[in-house]
> 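Take this structure first; my questions come after.
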Amino acid sequence: MYNQSQLSLNQAIKTAEQETFKRGFKLWLITKLFIPKAKRGYVFLSHMYFRWLDDFVDNPRNDNAAKKNLISRQREIIQMANSSSKFSANFEKEYYLYYFIRYLNENQQTYFLKSIYDVIKSFEMDIGRLEGDGIFSRSELKEYLALLNEAIFRLSLVFIPFKQNPEGIKGFIGNFFWFVLAIRDFEEDVKSGFINISREDIRIFNLNAGNILTNSNRFLWLNENFSKIFEIMDEESITFKRMPLLVKIIWLPSYFNLLGELNRLKYYKYEFASEFKKNYLKEIKSFIEAMVICLRFSIKVLFK
């Protein structure tokens, strides 16, 4: 067990920055370029803390009881950080959460605590579906995405220098990112026990949930749903273009990155989570088309 004297704030920030550089270089670079120096360390702390929690929940070697205990423990840490209670950590990464919440308290931003609780609740929903077959119904998936993505988006506002109170910013973005990442990491998620296709779609497309990585019907599912992911992006652009300029500048690079990954799938016949030989002509066509889509999206968000 750790205690507070064993990991200072400066040590925690230094370690979290090094970890972000290795595991999230694009975020590290955006943070260095656009986030005020006084806030940068807390970007790294919060990012690596939530990645650590996510890794723990996703790790199939950790049983559900251990996952539940860890999540319950995080709620206790939030209460400790909000009081004068002496803090001791079971894991080094818990210092990241502790110092982040102290930062929110010191800067009168405790309204962001709800978003932290919502992220934790989304992890509880993930653990809950692991106790079954790892699948959400459409309604459960909708609830999960609204909870998780709004919370992550809200927490990003902590670090952006606003003249107005960020609590007043309406709407959120993030569903597009989740769907692209769910496809990109599909095989990894299945091995962790999660199937990010709704229960209704499993039935409609006659997918075998117990053997989904060898069931080619998942390609048909993506083919049929591919345009819906772009529709989600278009819907988000309406909310996105109402956001302050700094929010747009910081979030836009993520669209550029993920659009490239998504667009290339159609050139490989939607064969996600499969091994296939790269075709350089397809790669070039995919890249050019993705860049055109990115440009149109940016113009819509920034200028229209």
Side-chain angles (χ1 to χ4, degrees), residues 49-75 115-153 172 174-232 258 261-262 265-266 268-276:
Y49 167 74
F50 288 119
R51 286 197 74 154
W52 167 69
L53 263 190
D54 187 55
D55 288 345
F56 192 95
V57 172
D58 285 353
N59 191 337
R61 292 191 295 272
N62 300 324
D63 62 36
N64 281 351
K67 293 173 183 180
K68 286 181 177 179
N69 289 337
L70 183 69
I71 294 299
S72 176
R73 166 67 178 168
Q74 305 318 297
R75 293 183 179 277
S115 296
I116 297 176
Y117 279 117
D118 284 348
V119 176
I120 289 173
K121 185 178 177 181
S122 75
F123 284 124
E124 290 173 333
M125 290 184 71
D126 269 332
I127 296 169
R129 63 169 163 153
L130 283 176
E131 293 178 325
D133 55 11
I135 306 171
F136 282 138
S137 68
R138 283 180 183 167
S139 61
E140 289 169 333
L141 182 59
K142 183 178 179 180
E143 177 188 358
Y144 172 81
L145 292 179
L147 189 74
L148 174 63
N149 291 323
E150 181 168 9
I152 295 297
F153 176 74
F172 68 94
N175 285 351
F176 170 79
F177 301 94
W178 186 89
F179 278 105
V180 178
L181 292 173
I183 294 168
R184 187 195 70 181
D185 301 333
F186 189 81
E187 182 174 3
E188 179 182 340
D189 288 339
V190 169
K191 290 178 179 178
S192 296
F194 304 104
I195 297 177
N196 288 316
I197 300 176
S198 73
R199 190 174 307 283
E200 290 83 350
D201 280 352
I202 291 284
R203 184 176 63 253
I204 290 169
F205 291 93
N206 195 28
L207 289 163
N208 182 352
N211 202 18
I212 202 163
L213 290 176
T214 58
N215 191 324
S216 61
N217 280 2
R218 73 183 187 277
F219 308 152
L220 176 61
W221 167 82
L222 181 56
N223 187 0
E224 292 292 320
N225 286 276
F226 194 72
S227 62
K228 293 180 182 179
I229 301 174
F230 284 97
E231 288 171 10
I232 291 170
L258 293 180
E261 294 196 34
L262 178 64
L265 285 171
K266 71 179 181 180
Y268 290 97
K269 300 180 180 179
Y270 307 99
E271 295 184 7
F272 68 105
S274 300
E275 293 292 331
F276 54 84

> What residues, two or more places apart in sequence or in another chain, satisfy side chain to side chain contact (heavy atoms under 4.5 Å, CB included) together with Phe219?
Ser216, Glu271, Phe272, Ser274

> Given 3.5 Å as the limit, does a donor-acceptor pair link the side chain of Ser122 with the main chain of Val119, or not?
yes

> Out of the candidates Leu262, Leu258, Asn175, only one should pair with Ile229 under the side-chain contact (heavy atoms from CB on, under 4.5 Å) rule; please name it.
Leu262

> Going by salt bridge (charged side-chain N to carboxylate O under 4.0 Å, His left out), name the residues that satisfy it together with Asp118, two or more places apart in sequence or in a different chain.
Lys114

> Measuring from atom CG of Leu222 to atom CZ of Phe179, what distance do you get when rounded to the nearest 0.5 angstrom?
11.5 Å

> Quick one: side chain to side chain contact (heavy atoms under 4.5 Å, CB included) partners of Asn211, sequence neighbours excluded?
Asn208, Thr214

> In terms of the angle between their ring planes, are Tyr144 and Trp178 parallel, tilted or perpendicular, with boundaries placed at 30° and 60°?
perpendicular

> Checking Asn62 side chain against Phe56 main chain: does a donor-acceptor pair fall under 3.5 Å?
yes

> Identify, with sequence neighbours excluded, every residue that meets ring-ring contact (aromatic ring centres under 6.0 Å, His included) alongside Tyr268.
Phe276

> What pairs with Lys269 under salt bridge (charged side-chain N to carboxylate O under 4.0 Å, His left out), at least two apart in sequence or on another chain?
none

> For Phe153, enumerate each residue passing the ring-ring contact (aromatic ring centres under 6.0 Å, His included) test, keeping only those at least two apart in sequence or located in another chain.
Trp251

> Locate the shortest heavy-atom distance separating Lys67 from Val57; write the atom from each residue and the value.
NZ-O, 2.7 Å

> What's the spacing between Trp221 CH2 and Leu207 CG if we round to 0.5 Å?
9.0 Å

> Using 0.5 Å steps for rounding, measure from the CG atom of Asp189 to the CG atom of Leu181.
9.5 Å

> Output all residues satisfying side chain to side chain contact (heavy atoms under 4.5 Å, CB included) with Ile135, sequence neighbours left out; order by chain, then residue number.
Asp133, Ile195, Arg199, Ile202, Ala209

> Kindly write out the residues that satisfy salt bridge (charged side-chain N to carboxylate O under 4.0 Å, His left out) with Glu261, not counting sequence neighbours, or none if the list is empty.
Arg184

> I need the full list of salt bridge (Lys or Arg N to Asp or Glu O under 4.0 Å) pairs touching residues 138-150, with sequence neighbours left out, sorted by first then second residue.
Arg138-Asp201, Glu150-Arg154

> Please, which pairs that meet salt bridge (Lys or Arg N to Asp or Glu O under 4.0 Å) have at least one residue in residues 51-63, sequence neighbours excluded?
Arg23-Asp55

> Tell me every residue that passes side chain to side chain contact (heavy atoms under 4.5 Å, CB included) with Ala273, counting only those two or more places apart in sequence or in another chain.
Phe186, Glu187, Leu213, Arg218

> Please name all residues satisfying salt bridge (charged side-chain N to carboxylate O under 4.0 Å, His left out) with Glu131, sequence neighbours left out, ordered by chain then number.
Lys68

> Where does the angle between the aromatic ring planes of Tyr270 and Phe226 fall among parallel (under 30°), tilted (30 to 60°) and perpendicular (over 60°)?
perpendicular

